[in-house]
Amino acid sequence: EDDDDDDSSIDDDSGDESSSVPSESNSEDDSDASDAEDKDEPNGRSDSALWKTNLAQRAAEAYIGRDLSRVNLQELIYGKSRSVIVSDEEEKEAVDDTNDSDSDDEFFKIRKPESQRDESSSKGGMSQLGEDDSSRFVNGGHTAFDVSVWLQEGDDCVLESIRDQFVTGNWNTENGDADNEDSGDFEDLETGEHFGPNGEIDSDADEEADTEGMTDDQIRELNAQKKANKKSDFDDQYDEGKKAAGVGADPNDENAESEYLDSLKRQKEERLLRNKEEFGEDGEDSRIRHEGFRQGLYCRVRIEGVPCEFLNTFNPVLPLVLGGLTPQETNRGFIRCRFKKHRWHRKILKCNDPLIFSVGWRRFQSIPVFSTEDQNGRHRYLKYTPEHMHCHATFYGHQVPPNTGILAIQRISGNLPGFRIAATGNTLELNESFDIVKKLKLVGTATKIYKNTAFITGMFNSDLEVSRFEGASIRTVSGLRGQIKKTLREGQPGSFRATFEDKILMSDIIFCRTWMPVEVKKYYNPVTSLLIKNGADGWRGMKPKAQLQVETQTPIEVNPDSIYKPIERTEKKFNKLHVPKRLEAALPFKSKPKDESKRKKKSYISKRAVVMDADEKKKHTFLQAVNTIRNEKVAKKKESNARRQVERAKENARKEEAINAALKVTLKRKYRADGKIQAARERKRLHG
């Protein structure tokens, strides 16, 4: 029974709090009654029921405390706005001034909003009927709603005064005889138009009143004067509008700048006045609740799920950038991007070496695979990035929208020599997997040749592999194309029969061109430099193989098959073409071989003797003497040139030796300075 009483009392208190807040006297009576009940109860019950005393009042005070604890950071930094749009005194003066002026000016009078007028009139008293209904506390208190006004009865009560404002009321003005008399024709003093009792334009009355007793010439003059007056009024309004907007002012006019500033001030005041009328007395707070924080405002952001390491290692010198992520960006997958090595980076990038990517709001380390797209759409594997061209890079990471910028660096530590940015690019597409292939050539040799058929061995290791490649195209180095047929039962495992376009030779090398798929590694390591004490220097990611070999002084593994060796090709001797006698006799003369056989005996021309007469002997002797002199001169010239070349070679050797000595000294100094700088950097890196 005691438990039931406690539950009922809790429900009563919660019901009081959720309903409209009662008056202070009622809350005091409730608290006194609860105190009296606590005194009558035993000691055990009084201690457990203390939390129920004044529950509604404490909830109201807590709400008021939370409401007043809100701080506007902009007002703390820059102070409250001093711009006063319209004050009560100014409004009263404006009302007094406008009473003396024409009634037309009332159309342009700025009046105070009804909510503000009602609030000023009802300040310090009970809320009126025209006031906006609200459950918010004002100035730390709450005003009760007077219901007795609505409960009055009679012809002059509030209910009867507003009964005809609804659809069920009587809209016919039967008792307004005096108003009906005055609600006949009337004239619009601004436009000069006459209106009938039902609101129609009475143009005939105007024309008759204006043109009564006038001649045609006078009527024309009157119409022209009206037209000129309307045009002058329009021009004046247009000029005033341009002057208010600051358009068309003379730049040489001294008052142009001040008029422009005044127009800007008036526009600003009008905008502030509209905001004040819209958002009421709350002003900036109400506006922020409706439209959110604008640019240039100070705000407090609450972030959930922040690790404690972030607070322990927080560095106030480093700026923090806040950003948001779409639901798609929280998923991981493969990203293919357009990638290019930065032109200031000294080395090209190697495939499967880890890189640190900066994509969107994230920094992470991943292993990219480089490829290039062929004309047939195949993505071919690349071992290194091109020097001055783009390529495709595929890596594993968080998905981002296409055409997002990408930045790649090798390390984030602060002691990197040279340019840090390794490559740049932008994303192209996202997918769960991408097809990347690399070329693989299978080589074999011929064991037996039967015309266009040959037995090939050394290309495959088993009959199963041969069965998978049946029908594949093969080719020789000389360019003969062929096709794989069937496996052989005899010989080395993996041997098969193949056919070619023409008969091949035993010295021909046969190869099969294939494409092997490349797997992209699923490696994702986020950069958590903000959670480490030393920052970027304290974060350690995956190191490339070359860096590990340098740090651990491990020799580079060399594959003997990858070493380039000198190619030795023995000169092949072909037999002479032998044409049978019968075939040679049937051939035309131009196709017959013209090779002359070697003579066993000397010909007549070689055996005949030449006998010269005296004149021919004299000429022959003279020519021999001239040739002897010329040969002697040529020999002397060659000898002098040889001596001169030897001396020149000695002189060039001496100059080369002097240059090499000076260059050696210069390089020695440079290497010594570079070694000192590198040692200093290493000491700084190790000792901080």
Side-chain angles (χ1 to χ4, degrees), residues 341-350 383-389 416-419 477-478 507 509 546-547 549-551 553-576 594-596 598-599 602-603 605-683:
K341 181 192 78 70
H342 201 281
R343 58 180 178 177
W344 291 349
H345 197 263
R346 293 187 297 178
K347 296 181 180 180
I348 60 177
L349 304 178
K350 186 179 179 181
K383 192 173 183 180
Y384 298 96
T385 56
E387 187 69 27
H388 303 292
M389 291 177 59
L416 278 178
F419 197 69
V477 178
S478 58
S507 58
I509 298 175
Q547 184 180 354
Q549 289 175 347
V550 172
E551 292 179 357
Q553 297 181 357
T554 304
I556 300 174
E557 298 178 1
V558 179
N559 188 3
D561 295 336
S562 300
I563 299 175
Y564 290 99
K565 302 174 184 177
I567 301 174
E568 297 179 359
R569 290 192 177 94
T570 58
E571 186 177 355
K572 193 171 184 179
K573 295 181 179 181
F574 296 94
N575 298 327
K576 291 183 178 181
K594 306 298 189 298
D595 298 335
E596 295 182 359
K598 191 175 182 181
R599 294 177 180 270
K602 293 183 179 181
S603 63
I605 296 175
S606 62
K607 291 190 298 181
R608 69 181 179 177
V610 179
V611 180
M612 293 183 295
D613 56 1
D615 191 14
E616 291 177 351
K617 286 183 179 181
K618 188 176 180 179
K619 292 179 181 179
H620 184 67
T621 304
F622 177 72
L623 291 176
Q624 283 183 347
V626 172
N627 290 333
T628 303
I629 295 171
R630 184 177 59 82
N631 292 336
E632 187 177 359
K633 288 183 178 179
V634 171
K636 288 182 179 179
K637 192 174 183 179
K638 286 183 179 180
E639 186 179 356
S640 63
N641 288 339
R643 288 197 302 269
R644 206 161 35 251
Q645 288 178 1
V646 171
E647 292 176 359
R648 189 182 295 111
K650 291 180 181 179
E651 184 67 22
N652 291 338
R654 287 195 296 270
K655 290 181 180 180
E656 184 96 9
E657 186 178 357
I659 291 173
N660 290 337
L663 183 61
K664 187 176 181 180
V665 173
T666 304
L667 292 177
K668 191 174 181 180
R669 293 175 182 173
K670 182 177 178 298
Y671 293 153
R672 186 184 296 110
D674 292 346
K676 290 181 180 179
I677 293 173
Q678 191 68 23
R681 289 178 179 174
E682 191 67 22
R683 288 195 302 270

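- The number of heavy-atom neighbours closer than 6.0 Å to CG of N559, taken from other residues, nucleotides and ligands shown, is above 12.
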Show the atom names and distances, to 0.1 Å, of all donor-acceptor pairs under 3.5 Å that link a side chain in residues 663-675 to residues at least two apart or in another chain.
from, atom 1, to, atom 2, distance (Å)
T666, OG1, A662, O, 3.0
K670, NZ, D674, OD2, 3.1

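- E551 and Q547 share a side-chain donor-acceptor pair at under 3.5 Å.
- Residues satisfying the side chain to side chain donor-acceptor pair (under 3.5 Å) test with S507, not counting sequence neighbours, are none.
- Here K383 contributes atom NZ and I348 contributes atom CD1; the two are 10.5 Å apart, rounded to the nearest 0.5 Å.
- A search for side chain to side chain contact (heavy atoms under 4.5 Å, CB included) contacts involving E651 returns R654, K655, not counting sequence neighbours.
- Residues K617 and H620 have side chains not in contact (no heavy-atom distance under 4.5 Å, counting atoms from C-beta outward).
- Separating the CG atom in L349 from the NZ atom in K341 is a distance of 7.5 Å, to the nearest 0.5 Å.
- Using modelled atom types, one side-chain atom of D613 and one backbone atom of E616 make a donor-acceptor pair closer than 3.5 Å.
- Between H342 and F419, the angle of the ring planes lies from 30° to 60°, which puts this pair in the tilted group.
- For the atom pair CD (E571) and CZ (R569), the distance works out to 13.0 Å, reported to the nearest 0.5 Å.
- Counting non-hydrogen atoms of other residues, nucleotides and ligands closer than 6.0 Å to CE of M389 gives a total of 12 or fewer.
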message: Let's go through R643 and E647 carefully: what are the C-alpha distance in whole Å and the side-chain angles of both, what is the deciding distance for salt bridge (Lys or Arg N to Asp or Glu O under 4.0 Å) to 0.1 Å, and is it a yes or a no?
response: CA-CA 6 Å; R643 288 197 302 269; E647 292 176 359; over 6 Å; no
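- For the atom pair CD of E656 and CG of N652, the computed distance is 8.0 Å after rounding to the nearest 0.5 Å.
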